[in-house]
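Because only heavy atoms are used, hydrogens play no part in the values below, and waters and symmetry mates are left out as well, while side chains stay in. We number each residue from 1, following the sequence as shown. Counting convention: from 1, in listed order, for ligands and their atoms alike.
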Amino acid sequence: VNGETIHVVGGGLVGPLAAVFLAKRGYKVELYERRADMRKGKVEAGRSINLVVTPRGLVALDRVGLKEKVLKLAIPLEGRMLHDVKGDLTYVAYGHKEGEVINAVSRGLLNILLLEEAEKLDNINLHFQHKCTGYDITGKTLTFLNESTGREEKISAGIVIGTDGAFSAIRRAMLDKVPNFNYAQDFLEHGYKELVIPPAADGTHRMKSGVFHIWPRGDFMLIGIPNIDGSFTCTLFFRYDGAESFAKLKTREDTLAFFKKFFPDTLDLMPTLADDFAANPVGSLVTVKCGPWNVGGQVLIIGDASHAIVPFYGQGMNTGFEDCTALGDILDSGEKDWAVIFRKLYEARKDNTDAMADMALQNFVEMRATTADPKFQLKKQVGFELENRYPEKFIPRYSMVMFHPEIPFAEAKRLGDAQEKMLDELCANINDPSQVDWAQAERLLKKMGA
Ligand SMILES: Cc1cc2nc3c(=O)[nH]c(=O)nc-3n(C[C@H](O)[C@H](O)[C@H](O)COP(=O)(O)OP(=O)(O)OC[C@H]3O[C@@H](n4cnc5c(N)ncnc54)[C@H](O)[C@@H]3O)c2cc1C
């Protein structure tokens, strides 16, 4: 053991993975989590029932030998299945190369796996029901409410890593006390509600399972992601207020009429729709940008605590996992000074997480509105064809973000913005990929600097 103890606050998805990265390099880790131990009974799992793990997340998991274990829990998704208002289906692949899939997993099972792997290591101690209520930066002391005893505990903590999520207590302490700490939070006018399509009587999925289902309706959308138990978790992204909004759906009848009008093909699949809709909460969707993420070598925030993003690229957790990869790389370079390690991490990640936050917001428009536009599908096909013809020069932005962890997010955004303009020009006057003017495409690629 390196003799240094690192106090990790937050045992969600990023905290236990960061702890494993540190412990495998010989550091002692004390990890504190507000909730009770999820392995011992049914406790609320967090922000969504299932989520997708993408290759960026898999890189981090692979570094600590967990990739295959996570993939065993996952259903690979190869593309989007778009449902129109009549119930007609259109399939759009995510990529067009072997293995270009994303992986649906249960958040609860993934969190349990990460906690178990952390617990297996002798130099990690897990403390549940420890809610961080304060962090004194000057006195280097963490305060917890121990929710099993009701007592307050003060812990002297030389090095702290905050992985306590979008509403981080560690970040709040930095905001209160650190001069020149920048902070912005931005809530969407849409919230989300989770619903369920239960398995069929024989335990199988009631819709095609290896795809991500989307019901794009312009200003709002419903999505459906399969679970390994045969069910789908569906999520309605919808305005809080306005003509079509959560505020307008007050009764069971309102809900059923709304679904009948906009998502008629789901009605038979969701026998408990009206009850679930009334019972389940509406969650908020926030983007957080802040910086610097560290105070010297004393405290660092990573994961949602430093860069919460909206979920429309399925990259929030994956981005947090990428923070762990970057931390591991810096530690492996032999750097021992925590002030340098934390600063380097911030410098390596900040532009990339900001870019991912912006792309996630842009993708909301793509998912809820543009996917239903025939031009969107044409542009996708032309993008794939460009990748086939000029693999060194053109990788569609979606593929860069999802399937190319070696391309940093900021670079994917920069190239992606230029590609969008290029595809708009190439597809302006055509209806079919066979009509593309390839001489024009080459000129535009040159102009893009590709
Ligand atoms: C609807 C929805 C769908 C999503 N889908 C995806 C997806 O498909 N793919 C993807 O990559 N990301 C997705 N995300 C984003 C993803 O959920 C987050 O990015 C991810 O959970 C961040 O991990 P984290 O460990 O930083 O924070 P969290 O997972 O939020 O964990 C924080 C932990 O800290 C604990 N905690 C909080 N406060 C305290 C305190 N004061 N003291 C002690 N402990 C505390 C919490 O109990 C929690 O366990 C989605 C988000 C939403 C809302």
Side-chain angles (χ1 to χ4, degrees), residues 7-19 31-38 43-58 60-61 70 74 77 102-108 110-112 114-115 126-135 142-147 153 160-173 188 190-194 212 223 225 233-237 280-288 301-324 353 356-357 360 363-364 401-402:
H7 298 265
V8 175
V9 179
L13 297 169
V14 175
L17 185 63
L31 186 145
Y32 305 90
E33 164 56 40
R34 178 181 61 191
R35 292 171 307 190
D37 188 345
M38 353 177 20
V43 276
E44 158 244 355
R47 304 173 67 198
S48 62
I49 288 165
N50 57 16
L51 36 65
V52 296
V53 182
T54 69
R56 286 175 199 267
L58 292 176
L61 293 164
V70 170
L77 308 179
I102 58 177
N103 304 284
V105 292
S106 143
R107 179 187 291 265
L110 179 59
N111 210 153
I112 286 174
L114 292 169
L115 288 169
L126 305 180
H127 308 268
F128 293 99
Q129 291 181 281
H130 273 68
K131 178 183 176 185
C132 179
T133 52
Y135 171 48
L142 286 164
T143 306
F144 292 98
L145 172 66
N146 180 331
E147 291 187 333
E153 293 175 13
V160 173
I161 298 188
T163 50
D164 51 344
F167 304 100
S168 166
I170 301 299
R171 186 185 68 225
R172 201 173 319 121
L188 280 193
H190 293 70
Y192 70 95
K193 188 186 282 273
E194 291 190 319
F212 190 117
I223 63 166
I225 304 180
T233 301
C234 295
T235 311
L236 176 65
F237 295 93
N280 295 350
V282 177
S284 62
L285 297 163
V286 70
T287 301
V288 169
I301 45 176
I302 55 172
D304 274 19
S306 55
H307 50 73
I309 63 177
V310 294
F312 305 111
Y313 241 114
Q315 286 293 357
M317 168 196 67
N318 290 291
T319 304
F321 283 6
E322 232 185 19
D323 296 344
C324 298
T353 56
M356 190 57 247
N363 218 43
F364 187 27
V401 170
M402 287 299 189

For ligand 1 and [X], I'd like to know whether there is a polar contact (N/O to N/O, distance under 3.5 Å).
| X | result |
| --- | --- |
| Glu194 | no |
| Thr235 | no |
| Phe237 | no |
| Asn50 | no |
| Cys132 | yes |
| Val14 | yes |
| Lys131 | no |
| Gly314 | yes |
| Val52 | yes |

Compare Arg56, Gln129, Arg34, Met38 and give the one whose heavy atom is closest to atom 38 (N) of ligand 1.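 When every heavy atom of Arg56, Gln129, Arg34, Met38 is considered, Arg34 comes closest to atom 38 (N) of ligand 1.
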Only heavy atoms count here, so choose which of Ala305, Gly165, Gly191, Gly303 is nearest to atom 27 (O) of ligand 1.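 Looking at heavy atoms only, Gly165 sits closest to atom 27 (O) of ligand 1.
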For the pair [X] (side chain) and [Y] (backbone), establish whether a donor and an acceptor sit closer than 3.5 Å, ignoring hydrogens and angles.
| X | Y | answer |
| --- | --- | --- |
| Asp304 | Gly320 | no |
| Asp37 | Phe128 | no |
| Asn363 | Phe312 | yes |

Pick one of side chain, backbone, both or neither for how Thr163 approaches ligand 1, counting any non-hydrogen atom pair under 4.0 Å.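 For Thr163, only backbone atoms sit under 4.0 Å from ligand 1.
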Short list, please: which atoms of ligand 1 are under 4.0 Å from a heavy atom of [X]?
| X | value |
| --- | --- |
| Tyr192 | 1 (C), 53 (C) |
| Ala169 | 41 (N) |
| Gly10 | 34 (O) |
| His130 | 42 (N), 43 (C) |
| Leu13 | 21 (O), 25 (O), 29 (O) |

Before giving the answer on side chain to side chain contact (heavy atoms under 4.5 Å, CB included), spell out for Leu114 and Leu61 the whole-Å C-alpha distance, their side-chain angles and the decisive distance to 0.1 Å. CA-CA 10 Å; Leu114 292 169; Leu61 293 164; 4.1 Å; yes
Let me see the working for Phe364 and His190 under ring-ring contact (aromatic ring centres under 6.0 Å, His included), right down to the final yes or no. CA-CA 10 Å; Phe364 187 27; His190 293 70; 4.9 Å; yes
Would you say the side chains of Glu153 and Asn146 form a donor-acceptor pair under 3.5 Å?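 Glu153 vs Asn146: donor-acceptor pair found between side chains.
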Side chain to side chain contact (heavy atoms under 4.5 Å, CB included) partner of Met356, the single match among Arg56, Gln315, Glu322: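 Only one option passes, and that is Gln315.
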